[in-house]
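Residues take their numbers from the sequence shown, with the count starting at 1.
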Amino acid sequence: MEEQDPELMKKARRAQYILYGAMLFFLVLPFVLLWLIRRGTFD
């Protein structure tokens, strides 16, 4: 494996964190919406 640009590595890591954050967000979102609907927030 060749030596990589540290700036590129930093960008790749940031992109990975954003990706994981988005995945977690979309995993949690349906449950939050269900909970809000059950509580009757949208009535």
*Sequence-distant partners of L29, side-chain contact (heavy atoms from CB on, under 4.5 Å), two or more places apart*: F25, F26, L33
*At what distance, to the nearest 0.5 angstrom, does CG of L34 lie from CZ of R38?*
8.0 Å
*When clusters are formed from ILVMFWY side-chain contacts under 4.5 Å, directly or step by step, what else is grouped with Y20?*
M23
*Sequence-distant partners of V32, side-chain contact (heavy atoms from CB on, under 4.5 Å), two or more places apart*: V28, L36
*What residues, two or more places apart in sequence or in another chain, satisfy side-chain contact (heavy atoms from CB on, under 4.5 Å) together with R14?*
K10, I18
